[in-house]
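In this chain, residues are counted from 1 in sequence order. Atoms considered below: every heavy atom in the structure, side chains included; atoms not considered: hydrogens, waters and symmetry mates.
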Amino acid sequence: MTRSAAPEARTKAAARWPAILQSGFRPFFLLCGLQASLFILLWTAGWAIGWDLPLGDNPILWHGHAMLFGFAAAALAGFLLTAVPNWTEAGPVRGFRLLLLVGFWLMAQILSLSSQPMLFATADIGFWLLLIAFIAPGILKRNARRNGVFIVILLALTSLNLLWHLSLNYDWQDTAMLSLQAALGLFLLAIGIIGGRIIPAFTIGGLLQAGHAVSIVPAPKLGLTANIALVLALASKLAALPIPVQVCAYLLAALLHGWRLLRWWRCEVLQLPIIWSLHLGYAFLPLGLMLEAAGAAGLVPGPTGIHALGSGAVGLMILAVMTRASLGHTGRRLASPPAATAAYLLVASGALLRVIAAAAPDMAFSHELLVASGLLWSTGFAAFVAGYARMLTTPRTDGRPG
């Protein structure tokens, strides 16, 4: 077989696989929604009715790992497996390779509920190594300068995941918690980078489609400065620098990311749920950074900012990206279906209640607020699954591959 004929043969072979294995966003977005709804429901039940949770001596470590290295990892994998072929003009990861990657992720989620730490670690780390192996060559070959940062993020996340597993094995609980905090920072950096690319572009495109011609002047230096400030703020906390340094670093990062968002905002966005969901998700980033500054100063409990950043910024941005990307990459019109709009409102409400419950843990009904936030958040992702499962598991409506 000639070199030119090989890709064509692989394409024909991959076409025999079902639609859900034709592109990375299909299985991983669907599994991301399922994992979010089920695992948060389990976590909420543990708080509400006393169910035993994995890592019973410190279930928060299990919860944090499930949300970052399970839920957010699936979303990141689905995004990169779909975006990188477009960035690099390389062939998509589909068929058997995609099935193998999904299998490792799925096995890791199942084993996270078991008492088999070595098997859990093997499947979990194996997923990240496979994802890097599938993603990195195209980026390095075609556009390392622009997108090489994602390889760095994937390598760092893999290392932090390994550190988390080692910390559990040796009972280094403080180190395990630090690894989760650092991983959250890397996902926030990914949001800062990806959000800076897609939110202004999708805002312009969505408003133009709705009959509103707008322009957003690019500000790459502002974006770079904001993301550097974000990294420095997160590093100041991990390094336990003096409190005034942490407060100033977080406030600066919040100011810069808030400024970015204000530059992208147009009032007409309120007419388009598929666009305002992106803005609302990103708004949780400067909010969470301000709450981290307040937490460092002792004005609010420490977990307040973490929940704004985790359940708010990470959770809602993932949902907003998944709902829009799923429509576009399955050949459908870029208009929010009712299930997506409901999901946005449920997840945003759950995130807001979680922040309030964390900020005032001693107030009346704080326990009920925590339970309500978990139910709303998990129901939001269940709504996504119910509304999008069919489009993620059936061929594109326009007959194109993918």
Side-chain angles (χ1 to χ4, degrees), residues 60-61 63-65 67-69 71-72 153 156-157 160 164 174-196 222-262 279-318 347-348 350-363 366 369-370 373 377:
I60 292 176
L61 292 178
H63 171 59
H65 185 275
M67 290 298 95
L68 293 171
F69 293 107
F71 161 70
I153 289 175
L157 285 170
L160 290 169
W164 184 87
D174 290 343
T175 304
M177 189 61 71
L178 283 175
S179 71
L180 293 178
Q181 292 176 2
L184 174 60
L186 288 172
F187 279 109
L188 295 174
L189 176 60
I191 286 174
I193 296 170
I194 295 169
L222 173 60
L224 178 61
T225 305
N227 288 327
I228 291 174
L230 172 63
V231 171
L232 293 176
L234 297 165
S236 72
K237 180 179 180 179
L238 292 172
L241 295 183
I243 296 302
V245 175
Q246 294 185 44
V247 171
C248 291
Y250 273 111
L251 288 177
L252 177 61
L255 175 65
L256 291 172
H257 282 280
W259 186 10
R260 289 183 94 191
L261 184 60
L262 286 174
H279 287 259
L280 181 57
Y282 200 91
F284 272 98
L285 179 56
L287 172 63
L289 294 172
M290 285 191 291
L291 289 172
E292 283 283 78
L299 301 177
V300 297
T304 308
I306 291 176
H307 285 105
L309 295 170
S311 61
V314 175
L316 191 52
M317 278 295 292
I318 283 175
V347 170
L352 186 58
L353 287 183
R354 187 64 186 91
V355 171
I356 295 172
D362 298 325
M363 69 178 290
S366 63
L369 277 178
L370 191 151
S373 72
W377 203 88

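Partners of L232 according to the side chain to side chain contact (heavy atoms under 4.5 Å, CB included) rule, which considers only residues two or more places apart in sequence or in another chain, are I228. The ring pair (Phe, Tyr, Trp, His ring centres under 6.0 Å) test applied to H65 returns F69, F120, W164, H165, not counting sequence neighbours. Here F187 pairs with nothing under the ring pair (Phe, Tyr, Trp, His ring centres under 6.0 Å) rule; sequence neighbours left out. Listed by chain and residue number, T203 satisfy the side chain to side chain donor-acceptor pair (under 3.5 Å) test with H279 (two or more places apart in sequence, or in another chain).
The CG atom of L289 sits 6.0 Å away from the CG atom of L230 when rounded to the nearest 0.5 Å. The distance from atom CG of L262 to atom NE2 of H257, rounded to the nearest 0.5 Å, is 13.0 Å. From L352, atom CG reaches atom CG of L316 across 11.0 Å, with rounding to the nearest 0.5 Å. The NE2 atom of H63 sits 10.0 Å away from atom CG of L180, with the distance rounded to the nearest 0.5 Å.
Side chains of D174 and M177 form no contact here, defined as non-hydrogen atoms less than 4.5 Å apart. Contact annotation: the side chain of I153 approaches that of L157 to within less than 4.5 Å [non-hydrogen atoms, C-beta and beyond].
Summarising the geometry of L160 relative to S179, their closest heavy-atom pair is O-CB, 3.7 Å, with the distance given to 0.1 Å. A313 and L188 get closest at one heavy-atom pair: CB-CD2, 4.3 Å. Contact detail for G310 and L184: the closest heavy-atom pair is CA-CD1, 4.2 Å. Closest non-hydrogen pair, M317 versus Y282, comes out as SD-N, 3.6 Å. Scanning both residues, I191 and V314, for their nearest heavy atoms gives CD1-CA, 3.7 Å. Among all heavy-atom pairs drawn from V347 and S311, the shortest one is CG1-O, 4.5 Å.
Side chain of S366 to main chain of D362: no donor-acceptor pair is present (N/O by atom type, distance under 3.5 Å, no hydrogens or angles).
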Under 3.5 Å, which donor-acceptor pairs do the side chains of residues 239-246 form with other protein atoms, sequence neighbours left out?
unit_1, atom_1, unit_2, atom_2, d
Q246, NE2, L241, O, 2.8

Determine all donor-acceptor pairs shorter than 3.5 Å in which one atom belongs to a side chain in residues 291-306; sequence neighbours excluded.
unit_1, atom_1, unit_2, atom_2, d
E292, OE2, K237, NZ, 2.9
E292, OE2, Y250, OH, 3.4
T304, OG1, P301, O, 2.9
T304, OG1, A358, O, 3.4

Stepwise side chain to side chain contact (heavy atoms under 4.5 Å, CB included) check, R260 with N227: CA-CA 11 Å; R260 289 183 94 191; N227 288 327; 4.0 Å; yes
